Peer 1: 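Sharing a structure, written as structure tokens. Questions coming.
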Amino acid sequence: MLDLKFIVQNPDAVKAGALKKHIVCDVDRILELDVERRELVGSVDAARSAAKAAGKTIAQAPPEERAALAAKQGESKAALKAMEARQKEVQEELDRLLLLVPNVPAAEVPEGGTDEENVELRKVGEPRQFDFAPRSHSELGEAHHWIDVVRGARLAGSRNYVLLGDMSLLEHAVMRFAFDSMVARGFTPLSVPTLVRSETMVGTGYFPGGEDQAYKCDERDDLCLVGTAEVPVTALYQDEILDGADLPMKFVAQSTCYRREAGTYGKDTKGLYRVHQFQKVEQVVLDVADEARSLAHHEAILGNSEAILQALELPYRVVNVCGGDLGQPQIQKFDIETWMPSRDSYGETHSASRFHDFQARRLNLRYRDAEGKVRHVHTLNNTVAASTRMLIALLENHQNSDGTVAIPEALQSYLGGRKSIGRPIE
RNA sequence: GGAGAGGUGGCAGAGUGGCCGAAUGCGCUGCCUUGCUAAGGCAGUGAGCCUUUACGGGUUCCGAGGGUUCGAAUCCCUCCCUCUCCGCCA
């Protein structure tokens, strides 16, 4: 969330930001509530101060005078209670509204309402020209008995799948390659819970608003399945004050990711593109509150993922995500879209986000700088590799005319040195 | 799941109704002293909010939320979490 002081001092910038993101929030009501809140804090504090002083007088008064003094004290207490009740109401409404105010997007974020208005920054690699009719990953998966969506659905409903044989091995190979690459770049490997408290979902900015997209345990447990390791990793130090000397912290974690995909019926129904569960390696950076350093990290984590795609010999493009396609918490986001022949287009595979202190404020995640001042950290994250979408790209881009699939050199050592998988299809 | 214990400042750990935002120790910071691979002395050392040009002042926070009381870290209720033993189990 944004700093209340910032909102009060820059209401127009906040409103303009929300407009650019096509998000509705009531900034004026917040300003109103803040005025009332301050008045109440002033009078409540003064009343409490008086009550405290009176209490001390009573303690020191001779026993025979105490009853009278205490009775008098009881009267002013009723007024204090009323003020406190109102203060609580105001604070609660304010807190609720503050959670809905979006982060202000950077000036470099393009105007636009949907992903169609994202701006392409660069293309890397050429989409392959096939001299045969290429198969979709679904066709390849079925022909080789690598992907079983029928039994996946029987086990767990639609948008579920089973990977078999070499496809399961390939999934592990990609994940491990991605993970190892990040460790080699100095990221600290982490294994984290994928079932977290709602509070953690709020802290990272997924709630309120994203409840429909998350699987939630029943009322016995206040826990949700995460849609990404970003959640537990970013929240790792929530409610703590870190030593600024320990920053930046860079983490890489693999996790299973769960997504309800509510409201996407009929969309991307074939194959592995939109599924309820997949594996993902994610990178997260925590650093001091410094714009320049945040920007540098943003470039770096984008570059880390591009290096993975280049090693996997996959064509991709980078887009600057427009305001309307930006989430509530981001300052700016770059998506990487990888070429997918069956879609005859680039499909989103990575999302590199910069948040400034938006998540850190919600998470109460702070650090002490060199001067001893306590500040909120800046957070960033990016996909390193998401299993299913990487499998789509690998199968479809590296397929041969006989239906076998070439394995990029970077992955061969993870597959026992094999250069291809699959037998020729009849 | 059963039985028990407990949640206090960076850590350890006192504190069972007013003198407690909280002893003491450790850690950390600064100054001083001695001079030899270290020790000693003194001082300081939580966060939030309101207010103030500033110095400062006020207030809240002792797991969370309610309650009793003129007054609560201390008493009562609810919840959360941790630990120990037993049971079950990957």
Side-chain angles (χ1 to χ4, degrees), chain A residues 1-9 30-99 191-203 207 216-224 232 235-247 249 255-256 288-289 357 360-377:
Chain A
M1 71 189 148
L2 293 174
D3 185 4
L4 176 59
K5 283 198 185 102
F6 176 83
I7 298 176
V8 170
Q9 285 161 15
I30 288 173
L31 299 181
E32 243 175 66
L33 286 166
D34 184 54
V35 170
E36 189 177 356
R37 172 189 146 266
R38 285 193 221 199
E39 286 170 5
L40 284 165
V41 166
S43 39
V44 166
D45 280 4
R48 273 204 279 248
S49 185
K52 267 185 146 179
K56 283 187 179 150
T57 308
I58 292 170
Q60 284 155 11
E64 61 274 19
E65 290 176 23
R66 283 193 185 183
L69 285 169
K72 204 174 150 198
Q73 181 63 4
E75 291 166 25
S76 43
K77 217 192 134 185
L80 175 58
K81 274 209 158 179
M83 280 193 289
E84 282 176 332
R86 178 59 193 156
Q87 184 186 26
K88 194 181 164 194
E89 269 174 32
V90 168
Q91 192 63 52
E92 281 173 355
E93 184 179 352
L94 194 53
D95 290 343
R96 201 172 59 246
L97 291 176
L98 280 174
L99 282 179
S191 298
V192 292
T194 50
L195 207 45
V196 303
R197 298 169 184 282
S198 300
E199 177 192 307
T200 305
M201 296 295 280
V202 172
F207 291 176
K216 205 171 183 326
C217 289
D218 67 27
E219 56 290 340
R220 288 175 302 175
D221 306 288
D222 177 32
L223 296 170
C224 300
L236 181 61
Y237 295 108
Q238 68 187 114
D239 293 317
E240 293 191 43
I241 299 178
L242 303 171
D243 183 346
D246 294 333
L247 296 170
M249 291 183 181
S255 80
T256 306
V288 297
D357 58 8
R361 275 184 196 284
R362 289 171 168 246
L363 289 166
N364 195 219
L365 166 55
R366 298 172 293 174
Y367 71 98
R368 201 179 301 278
D369 69 15
E371 284 79 50
K373 198 169 172 345
V374 175
R375 315 182 66 178
H376 290 92
V377 307

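So that the names make sense, note that chain A is the first sequence line, chain B the second, and so on, each numbered from 1. The structure presented is a predicted model; accordingly, all values stated were derived computationally and were not measured. Computed from heavy atoms alone, side chains included, the values below leave out hydrogens, waters and symmetry copies.
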Peer 1: Between Asp369(A) and Lys373(A), is there a side-chain N and carboxylate O pair less than 4.0 Å apart?
Peer 2: no

Peer 1: What interatomic distance, in whole Å, is found between P of G57(B) and the corresponding atom of U52(B)?
Peer 2: 16 Å

Peer 1: Rounded to whole Å, please give me the gap between CG in Leu80(A) and C1' in G58(B).
Peer 2: 14 Å

Peer 1: Below 4.0 angstrom, N of the basic side chain to O of the carboxylate: do Glu89(A) and Arg86(A) qualify?
Peer 2: yes

Peer 1: Between atom CZ in Arg375(A) and atom P in G48(B), what is the gap in whole Å?
Peer 2: 12 Å

Peer 1: Do the non-hydrogen side-chain atoms of Ser198(A) and Lys216(A) ever get within less than 4.5 Å of each other?
Peer 2: yes

Peer 1: Starting from C1' on G48(B), measure out to CG on Leu365(A) and report it in whole angstrom.
Peer 2: 16 Å

Peer 1: What's the gap between G25(B) and U45(B) when it is taken at their C1' atoms, as a whole Å value?
Peer 2: 15 Å

Peer 1: For G44(B), give its Watson-Crick or G-U wobble partner with both distances under 3.5 Å, or none.
Peer 2: C28(B)

Peer 1: Measure the distance from CD1 on Ile58(A) to C1' on C70(B) and round it to the nearest whole Å.
Peer 2: 4 Å

Peer 1: Is the shortest side-chain N/O distance from Arg38(A) to OP1 or OP2 of U51(B) below 4.0 Å?
Peer 2: yes

Peer 1: Can you tell me the pairing partner of A3(B) across any strand shown, Watson-Crick or G-U wobble, with both distances under 3.5 angstrom?
Peer 2: U84(B)

Peer 1: Heavy atoms only, 4.0 Å cut-off, all strands: where does Lys81(A) land among base, sugar-phosphate and nothing?
Peer 2: sugar-phosphate

Peer 1: Does U68(B) pair with anything, Watson-Crick or G-U wobble, both distances under 3.5 Å, and if so, with which nucleotide?
Peer 2: none

Peer 1: Mind checking the C1' distance from A5(B) to A90(B)? Whole angstroms is fine.
Peer 2: 28 Å

Peer 1: Does a side-chain N or O of Lys52(A) approach OP1 or OP2 of G58(B) to a distance below 4.0 Å, or not?
Peer 2: no

Peer 1: Measuring to OP1 and OP2 of C50(B), would you say a side-chain N or O of Arg37(A) lies under 4.0 angstrom away?
Peer 2: yes

Peer 1: Are the side chain of Arg37(A) and the backbone N or O of Gln91(A) linked by a donor-acceptor pair below 3.5 Å?
Peer 2: no

Peer 1: Provide the Watson-Crick or G-U wobble partner of U74(B), both distances under 3.5 Å; none if there is no partner.
Peer 2: none

Peer 1: Paired with A14(B): which nucleotide, if any, by Watson-Crick or G-U wobble criteria at under 3.5 Å for both distances?
Peer 2: none

Peer 1: Arg368(A) has an atom CZ; how far is it from atom P of U29(B), in whole Å?
Peer 2: 13 Å

Peer 1: Under 4.0 Å: is that the gap between some side-chain N or O of Arg48(A) and OP1 or OP2 of G71(B)?
Peer 2: no

Peer 1: In Watson-Crick or G-U wobble terms, both distances under 3.5 Å, what is the partner of C19(B)?
Peer 2: none

Peer 1: Could you please name the partner base of A90(B), counting Watson-Crick and G-U wobble pairs only when both distances are under 3.5 Å?
Peer 2: none

Peer 1: CG of Asp239(A) versus P of G63(B): gap in Å, rounded?
Peer 2: 15 Å

Peer 1: Check the distance between U68(B)'s C1' and Lys77(A)'s NZ and give it to me in whole angstrom.
Peer 2: 9 Å

Peer 1: Enter the distance from Arg366(A):CZ to Asp357(A):CG here, rounded to the nearest 0.5 Å.
Peer 2: 12.0 Å

Peer 1: Quote, to the nearest angstrom, the C1' distance that separates C62(B) from C75(B).
Peer 2: 16 Å

Peer 1: From CD of Glu92(A) over to C1' of G65(B), roughly how many Å is that when rounded to an integer?
Peer 2: 11 Å

Peer 1: Just to be sure I understand the rule, does Val374(A) reach a base, reach only the sugar-phosphate, or reach nothing, if contact means heavy atoms closer than 4.0 Å?
Peer 2: sugar-phosphate

Peer 1: Could you measure between the two C1' atoms, the one in G15(B) and the one in U74(B), and give it in whole Å?
Peer 2: 8 Å

Peer 1: What integer number of Å spans the P atoms of C20(B) and U59(B)?
Peer 2: 15 Å

Peer 1: Main chain of Leu80(A), side chain of Arg48(A): is a donor-acceptor contact present, judged purely on distance under 3.5 Å?
Peer 2: no

Peer 1: Kindly compute the distance separating CG (Leu4(A)) from CG (Leu94(A)), expressed to the nearest 0.5 Å.
Peer 2: 5.5 Å

Peer 1: Report the nucleotide, chosen from G18(B), C49(B), G48(B), that has the shortest atom-to-atom distance to any side-chain atom of Ala59(A).
Peer 2: G18(B)

Peer 1: Quote, to the nearest angstrom, the P distance that separates A72(B) from C79(B).
Peer 2: 24 Å

Peer 1: Should Ser49(A) be listed as having a side-chain N or O under 4.0 Å from OP1 or OP2 of G58(B)?
Peer 2: no

Peer 1: Please compare Lys56(A) and Leu4(A) by the position of their nearest nucleotide in RNA chain B and report the one closer to 5'.
Peer 2: Lys56(A)

Peer 1: On RNA chain B, nearest-nucleotide positions of Gly372(A) versus Gly42(A): which is more 5'?
Peer 2: Gly372(A)

Peer 1: With P as the reference atom in both, quote the distance from A23(B) to C76(B) in angstrom, rounded to an integer.
Peer 2: 25 Å

